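In what follows, a single structure is set out as structure tokens and then discussed.
Positions are given from 1 along the sequence. All figures in this text were calculated on a predicted structure; none of them were measured in a lab. The basis for the numbers below is simple: all heavy atoms, side chains too, and nothing from hydrogens, waters or symmetry mates.
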Amino acid sequence: MSAAERILSRAVSEIIPGSLVNLGIGLPTQVIHYLPDDFDVQIHSENGILGAWKQSAPEVMDPFLIDAAGAYVSVRKGASLFDSAVSFAIIRRARLDLTMIGAFEVDALGNLANWKIPGKFSPGIGGAMELAQKTKRIVVLTTHTDKQGRPKILKNCRLPLTAKTCVNRIISDLAVMDVTAQGLVVREKLVQISDADLQAQTEAELTFATRKAES
């Protein structure tokens with residue numbers, strides 16, 4: 001199982017039946033493909049869809065129906081389509097139960113940086129800032145380290161923040177961690193790894209509440 005598959009397989013269990021969920025651009029949007037077809041959930045896309053569903057097959061794809069990432073999607077029975085004003089009113093009034101979002105960096109205080117690396121092109125912060133501030137629960141999906149092997153889970157974020165103290169849970173390819181008043185608490189390990197090795201790949205100090213590990 002790849003790192004992305006481990007993250008996505010674990011992330012799907014965070015979605016409670018009957019909830020309203022936004023899946024951020026990038027890895028989080030792939031969570032939808034791990035949900036059973038009859039799962040009771042409404043997926044919100046900030047470009048104006050409530051009830052977005054899995055990507056359509058090319059032969060039935062609607063070229064005018066895309067999600068916020070520009071992917072061609074389908075919609076479920078009962079879905080609603082609306083303009084951006086209504087879409088962001090849903091976000092700003094805290095109607096969303098859960099947002100899953102990617103990260104360049106996340107830290108022990110639950111601060112999130114996921115939109116800009118100085119010196120590199122960025123299309124803008126988009127809806128991430130408001131989703132991170134207003135959603136009832138924020139779960140970050142990220143690899144534990146970057147392509148150079150540097151920790152992405154830090155004591156303090158160094159990149160420009162998307163939002164402060166917004167993250168509730170982090171699901172990396174190695175572990176599941178909660179942001180608490182006492183710092184980051186490891187709830188699960190997703191691979192066979194010692195506490196010391198996991199800590200060595202994490203800049204933030206970890207507390208180990210659960211030592212469950214899977215092969």
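- By the rule that hydrophobic residues join a cluster once side-chain heavy atoms approach within less than 4.5 Å of another member, Trp53 and Leu23 end up as members of one cluster.
- Taking every heavy atom of both residues into account, Ala128 and Ile101 meet most closely at CB-CD1, 4.1 Å.
- Under the 3.5 Å distance criterion, the side-chain polar atoms of Asp83 are matched with a main-chain donor or acceptor of Val86.
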Q | Candidate pair Glu188 and Arg10, rule salt bridge (charged side-chain N to carboxylate O under 4.0 Å, His left out), full reasoning | A | CA-CA 10 Å; Glu188 301 173 31; Arg10 176 58 184 81; 2.8 Å; yes

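- Using a 4.5 Å heavy-atom cutoff, the side chains of Val139 and Asn168 are not in contact.
- Rounded to the nearest 0.5 Å, atoms NZ (Lys164) and CG (Asp107) are 11.0 Å apart.
- Looking only at distances, no side-chain donor or acceptor of Asp67 sits under 3.5 Å from a matching main-chain atom of Val73.
- A distance of 11.5 Å separates CZ of Arg137 from OG1 of Thr99, quoted to the nearest 0.5 Å.
- Panel note: side chain Thr180, backbone Gln182; a donor-acceptor pair is recorded below 3.5 Å.
- Tested against Met100, the residues Thr135, Ile15, Ile171, Thr29 include a single side-chain contact (heavy atoms from CB on, under 4.5 Å) partner, Ile15.
- Under a 3.5 Å cut-off, the side chain of Asn111 and the backbone N or O of Thr165 do form a donor-acceptor pair.
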Q: Take Ile49 and Phe82, measure what side chain to side chain contact (heavy atoms under 4.5 Å, CB included) needs, and give me the verdict at the end.
A: CA-CA 6 Å; Ile49 307 173; Phe82 33 76; 5.7 Å; no

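- Interatomic distance, CD of Glu105 versus OG1 of Thr142, reported as 10.0 Å (0.5 Å rounding).
- If you check the side chains of Ser45 and Asn47, you find a donor sitting under 3.5 Å from an acceptor.
- Contact between Cys166 and Leu112 at its shortest, heavy atoms only, is SG-CB, 3.8 Å.
- If you check the side chains of His44 and Asn22, you find a donor sitting under 3.5 Å from an acceptor.
- Closest heavy-atom contact between Pro28 and Gly102: CG-N, 3.7 Å.
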(Q) Run Arg150 and Gln201 through side chain to side chain contact (heavy atoms under 4.5 Å, CB included) and show every step you take. (A) CA-CA 8 Å; Arg150 297 173 297 202; Gln201 297 186 56; over 6 Å; no

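- At a threshold of 4.5 Å between side-chain heavy atoms, the hydrophobic network of Ile, Leu, Val, Met, Phe, Trp and Tyr places Ile153 and Val167 in one connected group.
- Atoms CD1 and CG, on Ile43 and Leu96 in that order, are 10.0 Å from each other to the nearest 0.5 Å.
- Within a 6.0 Å sphere centred on CD1 of Ile16, other residues, nucleotides and ligands contribute 12 heavy atoms or fewer.
- Using a 4.5 Å cut-off between side-chain heavy atoms of Ile, Leu, Val, Met, Phe, Trp and Tyr, with links allowed through other members, Leu98 and Ile7 fall into the same hydrophobic cluster.
- Although no hydrogens or angles enter the test, the distance criterion places a donor-acceptor pair under 3.5 Å between the side chain of Ser172 and the main chain of Leu174.
- Hydrophobic clustering (ILVMFWY, side-chain heavy atoms < 4.5 Å, transitive): Leu8 and Val176 are in one cluster.
- Using a cut-off of 4.0 Å between Lys/Arg side-chain N and Asp/Glu carboxylate O, Arg158 and Glu203 are scored as salt-bridged.
- No donor-acceptor distance shorter than 3.5 angstrom exists from the side chain of Gln199 to the backbone of Ala196, with no hydrogens or angles considered.
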Q) Yes or no on side chain to side chain contact (heavy atoms under 4.5 Å, CB included) for Asp97 and Val21, after CA distance, side-chain angles and deciding distance? A) CA-CA 6 Å; Asp97 299 300; Val21 177; 5.5 Å; no

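- Between Arg92 and Glu130 there is a salt bridge, with a side-chain nitrogen of the basic residue lying less than 4.0 Å from a carboxylate oxygen of the acidic one.
- Surrounding NZ of Lys155 are at most 12 heavy atoms belonging to other residues, nucleotides or ligands under 6.0 Å away.
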Q: For the pair Arg169 and Glu14, evaluate salt bridge (charged side-chain N to carboxylate O under 4.0 Å, His left out) and give the outcome as yes or no after the intermediate values.
A: CA-CA 10 Å; Arg169 171 164 281 189; Glu14 297 289 321; 2.9 Å; yes

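- A salt bridge does not link Asp146 with Lys152: every distance from a Lys NZ or Arg NE/NH1/NH2 to an Asp or Glu carboxylate oxygen is 4.0 Å or more.
- At least one side-chain heavy atom of Leu159 sits under 4.5 Å from a side-chain heavy atom of Pro118.
- The shortest non-hydrogen separation linking Met129 to Ala163 is O-CB, 4.4 Å.
- Of all non-hydrogen atoms in Lys116 and Pro160, the two that sit nearest each other are O-CD, 3.6 Å.
- Annotation for Phe104: atom CZ counts as buried by contact number, over 12 foreign heavy atoms lying within 6.0 Å.
- Nearest heavy-atom pair, Asp178 versus Arg187, reported as atom, atom and distance to 0.1 Å: OD2-NE, 2.8 Å.
- Criterion: ILVMFWY side-chain heavy atoms under 4.5 Å apart, direct or through other members. Under it, Met1 and Leu198 are not part of a common hydrophobic cluster.
- Heavy atoms from other residues, nucleotides or ligands lying under 6.0 Å from CD of Glu205 number 12 at most.
- Interatomic distance, OG of Ser2 versus CG of Asp173, reported as 9.5 Å (0.5 Å rounding).
- Considering CD1 of Ile170 and CG of Leu141, their distance stands at 10.5 Å, rounded to 0.5 Å.
- Between the side chains of Asn114 and Thr162, at least one donor N or O lies within less than 3.5 Å of an accepting N or O.
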Q. Taking it one step at a time, do His33 and Gln55 satisfy side chain to side chain contact (heavy atoms under 4.5 Å, CB included)?
A. CA-CA 8 Å; His33 297 293; Gln55 189 165 356; 4.1 Å; yes

